[in-house]
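Take a look at the structure set out below.
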Number of protein chains: 4
Amino acid sequence: MNLGGVMPPIATPFQNSKLALDKLRGNFQKWNKTGLSGYLVLGSNGEAVYLNEKEKIKVVEASRESIPGSKTMLVGTGMESTQETIRFTNQVAKMGADCALVVTPSYFKGSMKPQVLYEHFISVADSARMGILVYNVPQYTGINLEPEWVARLSEHPNIIGIKDSSGNIGQLSDIISLSRKGFSVFVGSAPVFFPALCVGAVGGILAVANVTPEECVHIQTLFNQKRLDEAKTMQNQLTPLAKAVTTKHGIPGLKMAMDLAGYFGGAPRLPLKRHGEGVERELRDLLVQLQ
Amino acid sequence: MNLGGVMPPIATPFQNSKLALDKLRGNFQKWNKTGLSGYLVLGSNGEAVYLNEKEKIKVVEASRESIPGSKTMLVGTGMESTQETIRFTNQVAKMGADCALVVTPSYFKGSMKPQVLYEHFISVADSARMGILVYNVPQYTGINLEPEWVARLSEHPNIIGIKDSSGNIGQLSDIISLSRKGFSVFVGSAPVFFPALCVGAVGGILAVANVTPEECVHIQTLFNQKRLDEAKTMQNQLTPLAKAVTTKHGIPGLKMAMDLAGYFGGAPRLPLKRHGEGVERELRDLLVQLQ
Amino acid sequence: MNLGGVMPPIATPFQNSKLALDKLRGNFQKWNKTGLSGYLVLGSNGEAVYLNEKEKIKVVEASRESIPGSKTMLVGTGMESTQETIRFTNQVAKMGADCALVVTPSYFKGSMKPQVLYEHFISVADSARMGILVYNVPQYTGINLEPEWVARLSEHPNIIGIKDSSGNIGQLSDIISLSRKGFSVFVGSAPVFFPALCVGAVGGILAVANVTPEECVHIQTLFNQKRLDEAKTMQNQLTPLAKAVTTKHGIPGLKMAMDLAGYFGGAPRLPLKRHGEGVERELRDLLVQLQ
Amino acid sequence: MNLGGVMPPIATPFQNSKLALDKLRGNFQKWNKTGLSGYLVLGSNGEAVYLNEKEKIKVVEASRESIPGSKTMLVGTGMESTQETIRFTNQVAKMGADCALVVTPSYFKGSMKPQVLYEHFISVADSARMGILVYNVPQYTGINLEPEWVARLSEHPNIIGIKDSSGNIGQLSDIISLSRKGFSVFVGSAPVFFPALCVGAVGGILAVANVTPEECVHIQTLFNQKRLDEAKTMQNQLTPLAKAVTTKHGIPGLKMAMDLAGYFGGAPRLPLKRHGEGVERELRDLLVQLQ
């Protein structure tokens, strides 16, 4: 498998707080026409923590039907328990996903020493019937996987890459330089997409790509053409919106921006709540400035 | 309900990584003979994050059968989603639990503003068919609920108390002084049990009480008798073991100490692993020093 | 020397940003009539970091003249460099101070390993011509000295105590229980003065004691008389003001509260600035509530 | 003034813990033959916090004599107090420095709100008789100056640039994109020198440039020639040494590496101490690998 490019961690649409799979299919129809290289299903931005397992299965099924074979289907399958992670990963593999994104377990932070995390990923990789990518997202988990340990994991034939959302370019650079050749390193933070490409990332798994996929793809295209100044300028234009739909306004902001950009966003699940008019105006302004 | 005293957040026994409910019943037989005032089922130390829902139900059932009416049965029911928390809380209420412990949702840390958390707890309390206690455990969740907001929550007739595991005695003191009279404030950190009693806590929900329940109860008894120096001395004797079975060696340490003290501890679920001989020696020494 | 009781880290008065020693003498006249057991000169709250060495000497001289022999004169003498700390400590000793408070050096945080800090304090203690107290104040220095290391330092005959301003009662309790008998442990955080006394602190070095010395002393008196509930109530009454003049409004808040309480506070040095009317009203209200 | 390129924050040589200015002159003779664009005197790595003011003056004098007019002489002049910072900055200006590096005051962290820091820098810039650069180094100060505030400061005609040592490339990118054109943004963290150049930094003030100036300069030369892959490779080769002489082994490591590379490093001042043979071997290996 040749991974790379821009993938959105797709939002999960709800209506009256119930899954709205038709809305999800509608979003895919539009996304499929863009230069996105694939999709992350059941990622953090997919509100996976608010879905029970039946709902997760339905989202995977609907996504599998909507994602063409030419695009990667990556699914978030990580749980706290090793055996549950293996079980769910293989269930998703059977449903036709291409690869799985496995987050670092994190609840018992003090016990999640590097060696414990290492063995967790090795166990999952040994048993998984598809390739897995490690998911490092310290801002949610409070756990950071050091580059030396990622490099060790990269030696496993079934651990094919990583999504690093730390936003730390020095760390990303170390991961790339220490891991085996061919290990696919994705950045998970849109405001540093351009510098991530400079240090050798193969692509980005970016929340804002739910909203403005073409702009994200364009940064990588410009970079590949060595048009660095233009890529940097495009990045600077994208950054304010990228921050607004993540750190600043969270998933409610992401979904609102999707609505404004012609996708279905809708309301998140409680305890998250739709933002008010002030945020809507701010997001609309940011979208206008991008055009 | 008149809450107070010492409760262990009970460990969940596994054999070959399967639930071992007979071992749980055996533990209850011994604990029931002590001065423990009740039990927290499905708490952090119960490895609730490693149990699927069927397993959780079984643990609640077995606990309900084993806990006498004279002791409080508190069950951890908090989830990330508000509606799932309500659903599970009421399922547990139907099974005969006395009250529920609801952790702060925390995955989307940036979005979990005080007002969002406040509304989550109010929604759960409005719909729950039993009293709830708020669970504040920043070392696991990365979220801290400030005393001012706890005080506001304490005004709700169905929010009957809090377990604060921050270990911050200043904060505990503020919670007690700002909340309504009769609101039950438990400390969730054994090394500060004695000072927590001094500032007005009604009791402690303490991991080490799985191992040495009588010693924990004795601290509170001495305090109630105004024998402060003896209570302080007892605390100082307990503290090294209390740290060893939490921050230092985690749940694997807790379970190993239970084995050494005559309870069934056994192995935790992966990715957690049983500790080796070095830790066993350390724990045995700490237990010996307590006698 | 028998240390204990309540000492204020005295504020340094300025007029037109010049030292106002007459105002300092005026403050001492009032403080000397209270039950304060001594004074910390050139502490953090004395804006020592804004004084050059000539000014520091003048403040020490004026304080020496104003402090009666019956009260302890403790002077902050810690610097980043070991040799400068020794030099200044001995200069202050010659001027008649009773003992010195030596802060953990902290600029090169990554290099300030426990062993490095340990050797720094041992070197200073070996050469100092008066007893020294260790000053642990992680909120300013970013460095925390663990109880095990404090215990080792307490074995040195010339290291006579510690001011721990971490606000962490568990840590304070460990320091007291691990250090040699007779080692004087002061708490440096007024909102936890009462629980600090419960776990065995000999006294408090408290910013708010600049403003309301008698109330602080009264907490300790009540505690010594085993009137715990009254001591706790007094603490709860003091806490809001204690926070306002430290974490909430900083040194400008402390000085403003001193003005309102009949002492000379005046303006701090730039970049600190006097607060406006809103804070003044808030502080006045807090003072009124205390009476 | 046209700032840019690579500058080392020069180490201050001691012999028997006394200033060794002849050794400093010897170092300058070698550095002056390289492509370094200038020098930072009295930076963090110059152990400025361990020098008294007389010593600082001597170091500035010796540096002024050794630095040719073609290279920038930047001097660290920031202190906690605004008025002392102005006084010392102008003293240094009179001695012929080109510009001053002014660190964020930080002792009273809670009070150092953005507006307070802003006014501090504006006051210094208003009164300084040379241009100033802001110094943002959160790992030492515990304070971070947000890009929005740097942008506001960049509007002042006498605030000509910034050294940002956060290591955060997203932040560096924001500073560059938000500040006025011509504002000189230096990165202060060698492991991210290459990505910093990609996002538009004019150069780097890099500890490791004390040891291997040519390698640092070479990265920028390759970058300017659009030879991105070679620049990235050079960066990856430099990174392990760059980390060893900063975060990993601190100033003692930096000075030891200087000795190994043919400069005078010598011992740091206490409480810092020379490392042992293990570190020496590690540093020698890293230097060998670079050739």
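Every chain is numbered from 1, with letters handed out A, B, ... down the list of sequences. We use all heavy atoms of the structure for the numbers below, so side chains are in, but hydrogens, waters and symmetry mates are not. Keep in mind the model is a prediction, meaning the values are calculated, not measured.
Atom CG of residue B:Leu178 and atom OG1 of residue C:Thr239 lie 9.5 Å apart, to the nearest 0.5 angstrom.
Residues C:Ile169 and B:Val192 approach most closely at C-CG1, 4.4 Å, considering heavy atoms.
Close approach to chain C, defined as a heavy atom under 4.5 Å from one of its heavy atoms, is seen in no residue of residues 277-291 of chain B.
For chain C, the nearby part of B:Asp174 is the side chain; its heavy atoms alone come within less than 4.5 Å.
Comparing B:Ala231, B:Cys198, B:Pro195, B:Gly170 by heavy-atom pairs within less than 4.5 Å of chain C, the highest count is held by B:Cys198.
No more than 12 heavy atoms of other residues, nucleotides or ligands shown are found within 6.0 angstrom of NZ on C:Lys248.
Contact check for B:Asn236 versus C:Ser173: side-chain heavy atoms found under the 4.5 Å cut-off.
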